[in-house]
Amino acid sequence: MSPTVSKKKCIDCDSLQHHKCLAEKTVKLSNYKPGEKGKIVQICGDPDFRLRIMEMGFIKGTEIAVVKYAPLNDPMEFVIRGYHITLRKKQAAHILMNEPELAA
Amino acid sequence: MKQKIVVALAGNPNAGKTTIFNALTGARQHVGNWPGVTVEKKEGTLKHSGQEIHVVDLPGTYSLTAYSLEEIIARNFIVDSSPDLVINVVDASNLERNLYLSVQLLEMGCKLVVALNMIDVARGRGAIIDETLLSSLLGVPVVPTNGKKGVGLDSLVEKVISEVENPELIERDVRLTYGSEVEDELYKIQNLLAHTDYSSRGSQRWLAVKLLEGDSEIIKKIDGLDHREKILEQVSKSRSHLNGIFGDNPEIVLADARYGFISGAIKQTVQVERTNRVNLSETIDKVLTNRLLGPLILLAVLYCVYIFTFNGSAPFVKHFDSFFSWLGENVSTILPEGLLKSLVVSGIIKGVGGVLGFTPLIAFMFFAIAILEDTGYMTRIAFMLDRVLRGFGLHGASMLALMVSGGIAGGCAVPGIMATRTMKEPKERLVTILVAPLMNCGAKLPVYALLIGAFFPGDRASIMFVLTIISWGMALFAGRVIRSTVLSGPSAPFVLELPPYRVPTFRGLLIHTWERTWMYVKKAGTIILAVSILIWALMTFPGLTSEQRAIFQDKQDKLLSNFIKDPVVSIVLKDQEDLNSFEGFESEKTKNHAEKLTDFLKSRNLSHEPQKDADLSIDFQQVNLPVALKYAQYKLEKLRLENEEQSARLKNTIAGRVGSHLEWVFKPIGFDWKTNVALLGGFAAKEVVVSTLGTAYSMGSIEREQYSNLSEQLKNEPGWNPLMAFTLIMFVMLYAPCFVTLVVIRRETGRWRWTIFAMVYTTLLAYCVALIVKTTGTFFGIGLT
Ligand SMILES: Nc1nc2c(ncn2[C@@H]2O[C@H](COP(=O)(O)OP(=O)(O)O)[C@@H](O)[C@H]2O)c(=O)[nH]1
Ligand SMILES: [Mg+2]
């Protein structure tokens, strides 16, 4: 598949060389609301960022629950693999998720 | 038995490494920096049943890729210094992510013991961990510990010793493998490596994995190797091959596989009995980072840190100060008048006093910061403020540094810059360090007070408020400009763990405070002493030539002889001897010269040859009033002469000459040599601007209580008007940081380059702003009268 085609959907995504961009069929993590949870479908963004958060446990299929947004609506806080972590919304937008459901 | 075992502590941030390190080594520890960088390095020793163990606390890392400085340091230490064993401190309540590092350590092939720390927290959450099974899955000993209470540390140490002496062979049930495709490529690379002379530090498998992951640091490592080209060729072939199969880079595939292995291990070893207890930490966090309450609490906390740092340390600072002025006075009386005395008192004692004077401040600040860090609130500050500060190239944690530096007027940039030690992002940290000196530190306040008192007497509060706003504005503006020019480039991804709130241990707080404070005293102290002597010399030499001094002496002599020859005076004080004994005379009620004179003459009359002065004794009551008046005049004139001499002397020092030579530079903003030399003096400490102005304007030495004199004088000087005063205020706010701050900048950035940059850009900024103020003011005719 040609990277130029997929890059139309998701700008600044280096990881698309070998991936189908799933942006249209998924929900960006940055669009989750507090109290919602879901599973990771794909992680885009530059390689450094992808590797870093994958090392922190953001692997395809892992469940993420959004805890809250910071007072100024950015960054946001999640629970993943039992610990709390914060990402800026711009970064969270690189994490593509399935449809959210309400966390217990 | 080995002479000395070297053990490294590795683990995720907040896993409890430092707590365990402190518990193991107690007071026998030493803090420094890793060579060439400003990351803290802690080392210590302990003795256990006769065995000496040297422990190194590695920086906390989530992984061992070359992602951050911390990771490179930790990795290089393990590979290059090859410790006898690595203790991997693992947070049992957050096992999955923590084991990611363990898996990498295993891969490196180093001897490992896992400390299953925070076991109390994990159990409290209802998690039961099968340690034996975990140990056999990983193939290394696992010891449950509670670092805070010290539980399990003895067995940890025993395990470490026995592992080094005679390693226990643990049958590994499962090996971490990456699937046949990856393993095939690894095998190819390893094969090539086997044929090189690489003195296999770190296992070959690990090297192969890192090469396959495209790790740039490791690729540098094989630089001089025989088959380098061949190896790299194979690596890139393997990478593209795997890329084709998995549709992703190998490093991502490997990370995925490691987590897969870990998930499997967790499923087998951890049982969670879901006790649906309310999580206390999360409840606290709901309040502390609440949309409305959060920012308010944050401001309150920052304010408390500020108050604690400055008010809490005030009594100690005062004691230090009074000790040093006591010392200065005593030494003054012992040493004879002259250069040596000036050097010891004004140069050395003042310099050392200056350094140590900061110490209580720094200690209190580090204590407050230790509380914020150890409780976990620090990360919440970053969380809440990130949005506001990132646009200016700063980080949430910069807020604290800026507040301490003088965000609330009266701070100090020295502890402020040291506060950036808590920041992990190198660029954001550097920007914070560079803009911190723009804040209104306590030493600038006397200068403001002097000028506001003279030219804006009614608006003290509002002007101070405006100055606070301006300094914040300048710092943020400078941050933004620096970040987008000198320090441009992408910022580190903001991936920040928010650890659960914890109650810190007092011991831990004290150790933290002590080691950071001590580092300041030790490293900064020597340089600061040297620079204070240098500044003293600049403001002392060469001074007046002997001819010039003779002229002043001549004037003094003339003044004296005129005074004594005065017909009224000569009745009671016949010669200089009389005058000297009068001045040396101590009377109980010397409220004024007249009373003193009366007492003096009385005592003389009684004790010395009363018959000779008999006629005088009758009417000296009437004479002494005019004499006292004359005496007061004489004293005043004498002081004026002395001050004039001081001013001339100052003009003739190196600093004074530089000030004079720089007049053409500062003319556009209206500064003459007197202001220039005062600003040069401010390099020692900003409050010196006031006293140097005093000397330059022939006011003698200015103490805090005597501002009004200098204020009055400045008001009447030609060229001084409210506009000039405000221009000078702006210049003092922004220009080069004092040298103590510069020394600290050097220490914290590790580079002279940035130190010089800090000095130059602030001064340029100050000059430009002053010029704008001056020109605008002149143009619109504001503040000219
Ligand atoms: N409950 C509990 N708290 C611990 C334990 N070990 C450390 N802590 C706390 O965890 C926090 C972080 O520990 P620290 O040693 O600074 O972690 P480091 O970042 O790995 O050096 C501190 O507040 C410690 O008091 C433990 O075993 N149990
Ligand atoms: Mg630590």
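Being a predicted model, the structure only gives us computed values, none of them experimental. Only this structure's heavy atoms are used, side chains among them; waters, hydrogens and symmetry mates stay out. We name chains A, B, ... by the order of the sequence lines, and we start the count at 1 in each one.
Note that the CG atom of B:N14 and the OH atom of A:Y83 stand 12.0 Å from one another [nearest 0.5 Å]. A distance of 14.5 Å separates OG1 of B:T289 from OH of A:Y69, quoted to the nearest 0.5 Å. With rounding to the nearest 0.5 Å, the separation of CG in B:D386 from OG1 in A:T86 is 7.0 Å. Distance NZ/A:K90 to CZ/B:R390: 7.5 Å, rounded to 0.5 Å. Residue A:D74 holds its CG atom at 9.0 Å from CZ of B:F494, rounded to the nearest 0.5 Å. In this structure, OG1 in B:T379 is found 11.0 Å from NE2 in A:H84, a value given to the nearest 0.5 Å.
Proximity to chain A (any heavy atom under 4.5 Å) is shown, for B:F383, by both the backbone and the side chain. Residue B:E497 touches chain A through both its backbone and its side chain, counting heavy-atom pairs closer than 4.5 Å. Looking at B:R97, only its side chain comes within 4.5 Å of chain A, counting heavy atoms on both sides. The part of A:I59 that comes within reach of chain B is its side chain, from C-beta onward, which places non-hydrogen atoms under 4.5 angstrom from that chain. Contact annotation for B:N290: only backbone heavy atoms (N, CA, C, O) come within less than 4.5 Å of a heavy atom of chain A. Of the two parts of A:L51, the backbone and the side chain both hold a non-hydrogen atom closer than 4.5 Å to a non-hydrogen atom of chain B. Heavy atoms closer than 4.5 Å to chain A are found in the side chain of B:S263, but not in its backbone. Using a 4.5 Å cut-off between heavy atoms, B:D256 contacts chain A through both its backbone and its side chain. Residue contact with chain A, scored on non-hydrogen atoms closer than 4.5 Å, is absent for B:E213.
Nearest heavy-atom pair, A:A70 versus B:R291, reported as atom, atom and distance to 0.1 Å: O-NH2, 4.0 Å. When all heavy atoms are compared, the tightest approach of B:S63 to A:E55 is OG-OE2, 2.8 Å.
Residue-environment remark: CZ (B:R387) stays at or below the threshold of 12 foreign heavy atoms within 6.0 Å. A:E63 CD: more than 12 foreign heavy atoms inside a 6.0 Å radius.
Per-residue heavy-atom pair counts under 4.5 Å with chain B were compared for A:I80, A:T62, A:N73, A:V67, and the maximum is reached by A:N73. Most heavy-atom pairs under 4.5 Å with chain A: of the set B:V388, B:L292, B:D285, this distinction falls to B:D285.
Between A:I53 and B:V495, some side-chain heavy-atom pair lies under the 4.5 Å cut-off.
For the pair A:R52 and B:E71, the salt-bridge criterion is met [side-chain N within less than 4.0 Å of a carboxylate O].
Figure legend: A:R81 and B:Y259 shown as a cation-pi pair, the cationic atom lying under 6.0 angstrom from the six-membered ring centre and within 45 degrees of its axis.
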